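Treat the numbers as computed from the prediction; the structure is a model and nothing was measured. Numbering of residues begins at 1 and proceeds along the displayed sequence. Counting starts at 1 for both ligands and their atoms, following the listed order.
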Amino acid sequence: MERVWLSSPHMGTKEFEYVADAFSTNWVAPLGPNVDAFENQLTEYLGVTGAVTLSSGTAAIHLALKILGVGSGDIVLCQSFTFAASAFPISYCDAIPVFIDSEQETWNMDPLLLEIAIKDAIAKGKKPAAILLVHLYGMPAKMTPILSIATQYEIPVIEDAAEALGSFYEHKACGSFGEIGILSFNGNKIITTSGGGALVSNKEAILQRVRYLSAQAKEPAPYYLHKEIGYNYRMSNICAGIGRGQMEVLPERINRRREIFDSYKKEFSSIEGIQFLEEPQGSFSNRWLTTVLFDHQIFGKNKNEEVRVSLEKQHIESRPLWKPLHQQPVFEACKSYLNGVSDELFANGLCLPSGSNMTAEIHNKVIAHIKKIIS
Ligand SMILES: *Cc1c(COP(=O)(O)O)cnc(C)c1O
């Protein structure tokens with residue numbers, strides 16, 4: 001049996017054409033018509049002032065921090081329940097991540113803990129330099145309370161929307177709220193460019209800085225003149241061709257992912273103790289990955305791992321939820337503000353195969369197998 005992936009690339013019909021255009025016109029470079037077109041599509045889709053395509057989501061976060069002036073010894077308040085790539089760039093800047101646990105409803109940054117952490121830091125004479133929140137698994141974070149705290153204390157917000165392209169909060173696109181939003185087009189995301197990312201913003205000055213820093217910080221002079229340290233972080237016109245085609249099918253991809261979520265939910269509705277992450281009023285999730293929680297009072301401990309191992313034997317990929325960053329050995333020494341939520345999620349949760357290219361037939365097989373293990 002062929003392997004069933006958690007989330008694999010799903011090409012539409014035009015990607016190859018745009019890549020071929022790049023070859024036939026010799027725009028095989030980190031700029032060109034595909035880059036321009038892809039950036040325009042993102043700008044329009046997200047309703048932002050501009051988008052700059054980059055080599056990865058990680059690079060986008062790195063530049064976001066740089067542009068906000070985050071430097072050595074600065075504190076960045078970062079969601080704990082996320083992929084390590086959200087926080088690695090904080091370390092690239094020689095800054096200090098302080099981890100904030102999640103709330104129950106969206107699994108994202110808890111506004112109550114956020115405010116406590118800000119007050120603590122200010123009391124110690126060190127106001128945090130940035131807030132880095134995540135819309136994990138495509139579920140929008142609680143933007144209203146978080147933005148109100150950020151405004152009150154005048155701390156800029158970076159939105160890690162790597163998993164949330166196509167998610168909306170109060171009809172506004174995830175990634176478009178903060179000072180800076182970042183996206184990822186890695187191979188496992190809802191759309192892909194094989195590898196890539198983008199930085200979006202509503203501030204022209206920020207967008208100009210990104211274009212400058214991501215292309216080696218070249219000054220306008222006939223020779224190479226540099227007054228600042230630059231980065232080689234631009235996206236290739238080849239990759240952008242893939243992204244351009246992918247943007248045309250994004251609405252279909254979101255529909256399919258949401259359909260997959262709905263049918264898991266429907267099929268498991270009769271089983272007591274399986275919980276799904278519901279959309280709060282006003283939130284729209286792209287349902288990048290369907291996640292379930294196994295109630296340990298009903299199933300006992302480690303049901304998630306038992307299901308994962310059993311699926312693996314059938315060549316079906318599933319995965320534990322993100323291991324919170326406050327539990328990661330590499331961030332052991334970092335301060336964190338915890339409430340037990342992300343620890344619980346990691347202990348009991350599982351990501352199920354959610355790729356938009358999964359056929360109904362395969363999906364039914366996955367569902368049937370899970371039902372068999374659980375009953
Ligand atoms: C994928 C991902 C990133 C990193 O994006 P890359 O393009 O792989 O560098 C950052 N944050 C989150 C939450 C992600 O899922």
Hey, can you tell me if Y137 and W288 have their rings parallel, tilted or perpendicular (30° and 60° cut-offs)?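 Ring orientation, 0 to 90° scale: parallel.
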Any carboxylate oxygen within less than 4.0 angstrom of a Lys/Arg side-chain nitrogen, looking at R319 and E317?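 Salt bridge: yes.
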Any ion pair linking K365 and E2 (charged N to carboxylate O, less than 4.0 Å)?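 K365 and E2: not salt-bridged.
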Which atoms form the tightest heavy-atom contact between I158 and I182, and what is the distance?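 What the structure gives for the nearest pair is CG2-CG2, 4.4 Å.
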Centre-to-centre under 6.0 Å for F83 and W322, is that the case here?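 Yes, close enough.
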Donor-acceptor contacts, no H, no angles, side chain residues 168-178, under 3.5 Å, sequence neighbours left out:
from : atom 1 : to   : atom 2 : distance (Å)
Y169 : OH     : T144 : N      : 3.1
Y169 : OH     : T144 : OG1    : 2.8
S176 : OG     : A173 : O      : 2.6

Can you pull the residues with any heavy atom under 4.0 Å from ligand 1?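 The answer is S56, G57, T58, T82, F83, A85, S86, V134, D160, A162, E163, S184, N186, K189, G196, counting any residue whose heavy atom sits under 4.0 Å from ligand 1.
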